[in-house]
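Working notes, beginning with the structure itself.
Letters A, B, ... mirror the listed sequences (proteins, then strands); counts begin at 1.
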Amino acid sequence: MDYQFKAIEEKWQNFWAQNQTFKAETNSSRPKYYVLDMFPYPSGAGLHVGHPLGYIASDIFSRYKRLKGFNVLHPMGYDSFGLPAEQYAIQTGQHPAITTEANIATYRRQLDQIGFSFDWSREVRTSDAGYYKWTQWIFMKLFNSWYNLETDRAEDIVTLIEKFQISGNAEVKAVCDEDIVSFLPSDWSAFNEEEKQALLLKYRLTYLKESTVNWCAGLGTVLANDEVKDGFSERGGFPVEQKKMMQWSMRISAYAERLLQGLDTIDWPEPVKEMQRNWIGKSVGASVKFKIETEDIKLATQDYIEVFTTRVDTIFGVSFIVLAPEHELVSILTTEAQKQDIENYIAQTKKKSELDRMADTKTVSGAFTGSYVINPVNNEKVPIWIADYVLAGYGTGAVMGVPSGDQRDWLFATHFNLPIIQILDGQKNIENEADATKEGRYINSGFIDNLGYKEAVSYLNHWLEREGVGKAKVNYRMRDAIFGRQRYWGEPIPVYFKNGLPYLIQEEELPLVLPEIDKYLPTESGEPPLARAEDWSPCHGETYELSTMPGWAGSSWYWYRYMDSQNDEAFASKDAISYWKDVDLYIGGSEHATGHLLYSRFWNKFLKDLGFVNEEEPFKKLINQGMIQGRSNFVYRVVDEEGRGTNKLVSYGLRKDYKTTALHVDVNIVEHEVLDIEKFKAFRPEFADAEFILENGKYICGVEVEKMSKSKFNVVNPDVLIEGYGADTLRMYEMFLGPLEQSKPWNTNGIEGVFKFLRKFWRLFHNEEWVFGVNDGEPTKTELKALHKIIKKVQDDIERFSFNTSVSSFMIAVNELTDLKCKNRSVLTDLVVVLSPYAPHICEELWELLGHTDLSNTPYPTFNPAYLEENEFAYPVSINGKMKMNLNLSLSLDEAAVKEIVLSNEQVRGYLEGKEAKKIIFVKGKIVNIVI
RNA sequence: GCUCGGAUGGUGGAACUGGUAGACACGCAGGACUUAAAAUCCUGUGCCCUCAACAGGCGUGCGGGUUCGAUUCCCGCUCCGAGUACCA
């Protein structure tokens with residue numbers, strides 16, 4: 001029979017499902033290998049052709065590893081909490097669980113028909129109570145933990161309480177809130193329960209804090225920094241503003257250094273590591289306290305301004321101090337005379353949106369408070385200004401202005417006529433711009449005069465510390481992550497409030513199930529949707545936390561759940577965790593670089609600190625598959641003088657002769673840029689009797705690369721391709737498109753080539769009448785050579801994730817064997833195994849026809865280099881590096897022999913034109929190059 | 001602005017450690033089969049000169065360098081894409 005892909009694919013998909021072929025057993029004697037895909041959010045649109053790209057690659061890899069004798073864990077699930085289902089619920093009133101369930105069914109159908117080797121028995125869904133029970137459980141562990149800087153790990157909160165009881169908090173080195181007041185052990189025991197709880201909250205790894213958040217009114221919720229892009233929400237594109245709110249936060253900053261260091265131990269793409277490094281934003285410098293001059297100002301909390309600087313060596317060049325307009329000391333520091341100025345400036349800043357403030361980096365602005373500080377190193381009086389180029393959220397919200405060494409400070413000083421003090425003899429041209437050099441010796445710099453950069457920094461750090469006015473300090477840009485959303489469709493936070501303080505519910509009460517509500521909107525009083533739930537209260541009239549967890553909660557640990565997804569005693573058994581350990585290969589999009597991948601590393605490190613898991617890093621190797629962009633097609637509608645559309649459409653090549661507007665046309669009715677006019681008329685009935693101006697009898701469409709989306713009519717659905725060509729063709733074609741990690745526009749042109757290849761492969765096993773038949777007997781040398789070439793090539797390619805090149809090589813192998821009229825059983829049997837990770841259905845069918853079973857666990861053929869050995873090689877002979885001719889020579893010849901043969905060769909002599917060869921380069925098996 | 005990618009025929013791409021640039025596929029052109037079309041098969045296909053062949057010249061974004069030899073290494077630049085953005 002001809003290649004009947006539809007019947008074959010259905011048959012083997014059913015077979016795999018019934019036999020649970022890909023069910024992974026924990027504790028096998030075979031070595032483990034864990035291949036993970038970033039699990040999808042099941043959107044209503046279903047999969048388009050870009051989504052499976054990474055899944056296909058990981059599936060090929062998994063199937064290959066299985067053939068290579070590994071016990072492979074390759075699971076799939078759904079990140080099923082999320083905004084779209086809830087937005088849909090708001091519009092239609094349909095419960096998001098129902099929408100989600102329906103969407104998952106679509107995803108599952110689409111995934112199944114591509115023939116993935118997922119172990120579906122381990123499927124997880126983050127919105128299942130059986131799953132989010134453990135998300136909530138991890139939250140409780142975080143609540144009950146603090147970060148001990150002495151042991152450099154998270155510990156149970158009881159060890160902190162012990163320290164408080166023994167020695168108060170003076171000796172405690174912890175990552176905690178900044179507004180900690182020190183207390184003695186006696187104070188601690190005197191505190192009442194609520195005072196104790198309020199204090200502990202400042203140390204917990206998840207904590208409530210009044211903080212400035214990204215409030216998105218359009219979505220009715222706060223967003224994490226990584227969910228905001230250029231001042232707009234990543235989902236939906238609504239404007240985002242800064243707002244103060246009481247919010248749950250995760251103390252990820254405690255792990256900043258470990259998150260940074262860990263990057264050096266994992267095999268990830270450099271850009272992703274770089275993004276994480278930037279996000280963490282480590283800077284090494286010093287904090288310095290500048291004492292405030294307190295003549296006519298009453299100071300409430302402190303008498304100094306603390307700044308952070310990475311150039312403490314420039315401290316003698318300070319000619320002003322700048323505070324962020326939001327800095328808490330601004331109102332106190334402002335003198336009566338300057339009050340109007342400062343208030344105007346703050347009002348003006350507030351009017352500017354975050355976006356304007358970021359966009360406008362050229363204009364210098366600021367205002368003088370009227371107050372001064374004393375520079376600790378030289379007792380100079382320095383004016384205090386405010387300016388919006390200083391950010392409240394970074395460092396201390398205050399900087400020291402050194403105009404000679406920092407361009408922004410230079411601009412500020414020039415604009416406001418403040419002194420510019422040279423501090424290094426190496427600084428040049430500081431009348432015109434700042435010079436940030438570290439070269440040379442210090443001048444005008446008191447006790448560090450004549451020192452070099454390194455000595456100066458170390459001297460100053462010691463000096464500041466000794467004087468009690470500063471110290472060396474490392475600062476991180478990364479802020480703690482906001483962990484609450486004022487939305488319905490997420491994990492309830494397992495917390496209730498008593499007298500305004502948060503308490504955990506009992507572990508036995510988990511999961512805290514999402515209650516039913518009547519509408520998915522905030523209440524009239526502006527409370528989150530959960531406030532609508534009736535009778536939803538733990539006891540005695542207390543109320544549960546009403547916000548839910550953010551989208552990244554469920555995905556920050558899901559790879560552990562796959563290890564033991566049915567366990568209801570633990571998120572995964574000790575046994576399963578110590579067997580599967582970590583993810584060996586993780587494939588997904590780079591858009592998760594600073595969100596999911598950072599949070600996951602954070603939770604993983606936390607779980608390790610508490611002894612629940614074993615590895616410091618969860619994902620050993622990461623690969624980013626490139627984005628598949630859409631490739632839009634256009635028709636060109638002729639417009640009249642007034643710009644109105646006419647009923648004429650002109651082909652791409654002729655459009656210059658007319659005034660036209662481009663209209664998107666469904667890419668599914670265009671083939672090789674030629675429009676199917678009949679289908680077009682059905683697609684756009686208003687053009688049913690339009691006039692088509694053709695070129696060479698065809699209507700040619702224009703092309704542009706854009707995002708793949710419904711509105712651009714450029715979505716290609718894998719279902720359509722599977723219908724026409726089958727899953728094996730789709731799998732191979734997606735790989736054939738180009739390197740996995742490269743972004744590229746989808747283009748269905750060319751899929752025929754892969755389909756033809758599979759037919760040709762099928763034909764190798766069949767005669768002219770499509771009757772299956774192979775020959776027994778010894779394979780020939782050339783057959784073995786073709787076979788072993790592909791055995792080696794595919795194994796090399798897969799190990800370095802170069803899937804596109806293997807597809808070409810398969811084509812070459814099949815072309816060669818076809819030319820050889822190879823029907824040899826042993827050669828073809830091995831070939832089936834080698835191809836099976838890429839095209840599993842057709843290979844299973846042929847495997848069965850060859851009389852075998854259990855292809856998925858057959859050993860990968862062993863490569864034998866002996867079959868590739870050549871005794872002759874067609875040496876390229878070049879003259880001065882330019883290739884002229886090939887010369888067939890035995891590979892056993894040594895350099896001297898080859899030179900002699902080459903020089904005496906008639907044709908070579910012709911090229912030499914009688915000239916003397918100055919030098920002959922000979923690389924065995926590679927090249928002969930004659931220099932004249 | 002800074003950081004990281006990338007640029008090879010009409011198209012997707014290959015060339016893995018400096019050694020025959022353009023594999024493989026699409027498209028296109030021509031041919032076979034057919035009443036015809038589809039399917040299939042065969043041949044050609046980087047550009048220029050040439051009727052064609054032979055031979056030759058040019059050719060991996062641009063300019064230079066290292067080397068017997070550079071798509072590959074180094075320096076400078078252009079363009080495209082991604083990330084980030086007053087981070088003190």
I'd like the [atom1] distance from [M] over to [N], given in whole Å.
| N | M | atom1 | result |
| --- | --- | --- | --- |
| rU67(B) | rG30(B) | C1' | 45 Å |
| rU20(B) | rA14(B) | C1' | 14 Å |
| rU60(B) | rA15(B) | C1' | 11 Å |
| rA21(B) | rU3(B) | P | 36 Å |
| rA25(B) | rC77(B) | P | 42 Å |
| rA39(B) | rC33(B) | C1' | 11 Å |
| rA23(B) | rG12(B) | P | 15 Å |
| rG61(B) | rU8(B) | P | 6 Å |

Run the side chain to side chain donor-acceptor pair (under 3.5 Å) check on Thr805(A) and Ser808(A) step by step: do they pass?
CA-CA 5 Å; Thr805(A) 49; Ser808(A) 307; over 6 Å; no
Are the aromatic ring centres of [X] and [Y] under 6.0 angstrom apart?
| X | Y | result |
| --- | --- | --- |
| Tyr476(A) | Trp279(A) | no |
| Tyr733(A) | Tyr725(A) | no |
| Phe412(A) | Tyr389(A) | yes |
| Tyr838(A) | Phe810(A) | yes |
| Phe801(A) | Phe61(A) | yes |

5′-ward residue of the pair Asn747(A)/Val807(A) relative to RNA chain B:
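Closer to the 5' end of RNA chain B: Asn747(A).
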Given RNA chain B, 5'-ward residue of the pair Ser878(A) and Ile921(A), judged by closest heavy atom:
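Nearest-nucleotide comparison on RNA chain B picks Ser878(A).
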For every nucleotide of nucleotides 38-49 of chain B, 5' to 3': is a protein heavy atom under 4.0 Å from its base (B), only from its sugar-phosphate (S), or from neither (-)?
--S---------
Identify whether any heavy atom of [X] sits under 4.0 Å from a base atom; if not, whether one sits that close to sugar-phosphate; answer base, sugar-phosphate or nothing.
| X | result |
| --- | --- |
| Asp406(A) | nothing |
| Glu270(A) | nothing |
| Val931(A) | sugar-phosphate |
| Lys793(A) | base |

Find the distance [X]:[atom1] to [N]:[atom2] and express it as a whole number of Å.
| X | N | atom1 | atom2 | result |
| --- | --- | --- | --- | --- |
| Trp279(A) | rC87(B) | CH2 | P | 16 Å |
| Ile280(A) | rG83(B) | CD1 | C1' | 15 Å |
| Leu411(A) | rG1(B) | CG | P | 16 Å |
| Arg408(A) | rG1(B) | CZ | P | 17 Å |
| Asn624(A) | rC4(B) | CG | P | 17 Å |
| Trp385(A) | rA88(B) | CH2 | C1' | 18 Å |
| Met478(A) | rC87(B) | CE | C1' | 14 Å |
| Tyr652(A) | rU11(B) | OH | P | 12 Å |

Considering every strand shown, what is the Watson-Crick or G-U wobble mate of rC58(B) when both distances are under 3.5 Å?
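Partner of rC58(B): rG46(B).
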Both distances below 3.5 Å, Watson-Crick or wobble geometry, any strand: find the nucleotide opposite rG12(B).
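rC24(B) - that is the nucleotide pairing with rG12(B), both distances being under 3.5 Å.
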Can Ile930(A) and Val902(A) be said to form a side-chain contact (heavy atoms from CB on, under 4.5 Å), step by step?
CA-CA 9 Å; Ile930(A) 305 170; Val902(A) 167; 3.7 Å; yes
Considering only side-chain heavy atoms of [X], which listed nucleotide, [options], is closest?
| X | options | result |
| --- | --- | --- |
| Met811(A) | rC86(B), rA25(B), rU84(B) | rA25(B) |
| Leu391(A) | rU3(B), rG13(B), rC87(B) | rC87(B) |
| Ile927(A) | rG19(B), rC4(B), rC26(B) | rG19(B) |
| Thr805(A) | rC68(B), rA14(B), rC86(B) | rA14(B) |
| Pro876(A) | rC68(B), rC86(B), rU20(B) | rU20(B) |
| Asn929(A) | rU84(B), rU3(B), rC68(B) | rC68(B) |
| Met275(A) | rG83(B), rC68(B), rA88(B) | rG83(B) |

Side chains of [X] and [Y]: closer than 4.5 Å at any heavy-atom pair?
| X | Y | answer |
| --- | --- | --- |
| Val877(A) | Lys884(A) | no |
| Met478(A) | Leu598(A) | yes |
| Tyr599(A) | Ile252(A) | yes |

So, taking the atom named OH in Tyr875(A) and the one named CG in Leu891(A), what distance separates them when rounded to the nearest 0.5 Å?
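With rounding to 0.5 Å, OH (Tyr875(A)) is 5.0 Å from CG (Leu891(A)).
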Strand-adjacent residues in residues 883-891 of chain A, judged by heavy atoms under 4.0 Å from RNA chain B
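Heavy-atom contacts with RNA chain B come from Met883(A), Asn886(A).
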Of the residues in residues 736-743 of chain A, which ones touch RNA chain B at a heavy-atom distance under 4.0 Å?
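Here the set is Phe736(A), Leu737(A), Pro739(A), Gln742(A).
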Ignoring backbone atoms, test whether [X] places a side-chain nitrogen or oxygen under 4.0 Å from the OP1 or OP2 oxygen of [N].
| X | N | result |
| --- | --- | --- |
| Asn815(A) | rA23(B) | no |
| Ser283(A) | rA88(B) | yes |
| Arg631(A) | rG12(B) | no |
| Asn804(A) | rA14(B) | yes |

State whether the side chain of Thr396(A) and the backbone N or O of Glu306(A) hold a donor-acceptor pair below 3.5 Å, judged by distance alone.
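The answer is yes, because a donor-acceptor pair under 3.5 Å joins these two groups.
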Could you walk me through whether Lys756(A) and Glu752(A) pass the salt bridge (charged side-chain N to carboxylate O under 4.0 Å, His left out) test, one step at a time?
CA-CA 6 Å; Lys756(A) 278 193 226 164; Glu752(A) 291 275 348; 5.7 Å; no
Candidate pair Glu872(A) and Ser890(A), rule side chain to side chain donor-acceptor pair (under 3.5 Å), full reasoning
CA-CA 4 Å; Glu872(A) 272 203 342; Ser890(A) 162; over 6 Å; no
Please report the C-alpha distance between Leu893(A) and Lys924(A) in whole Å, then the side-chain angles of each, then the deciding distance to 0.1 Å, and finally whether the side-chain contact (heavy atoms from CB on, under 4.5 Å) criterion is met.
CA-CA 9 Å; Leu893(A) 293 173; Lys924(A) 195 165 190 170; over 6 Å; no
Quick check on rG9(B): syn or anti? Syn means the glycosidic torsion is within 90 degrees of zero.
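It is syn.
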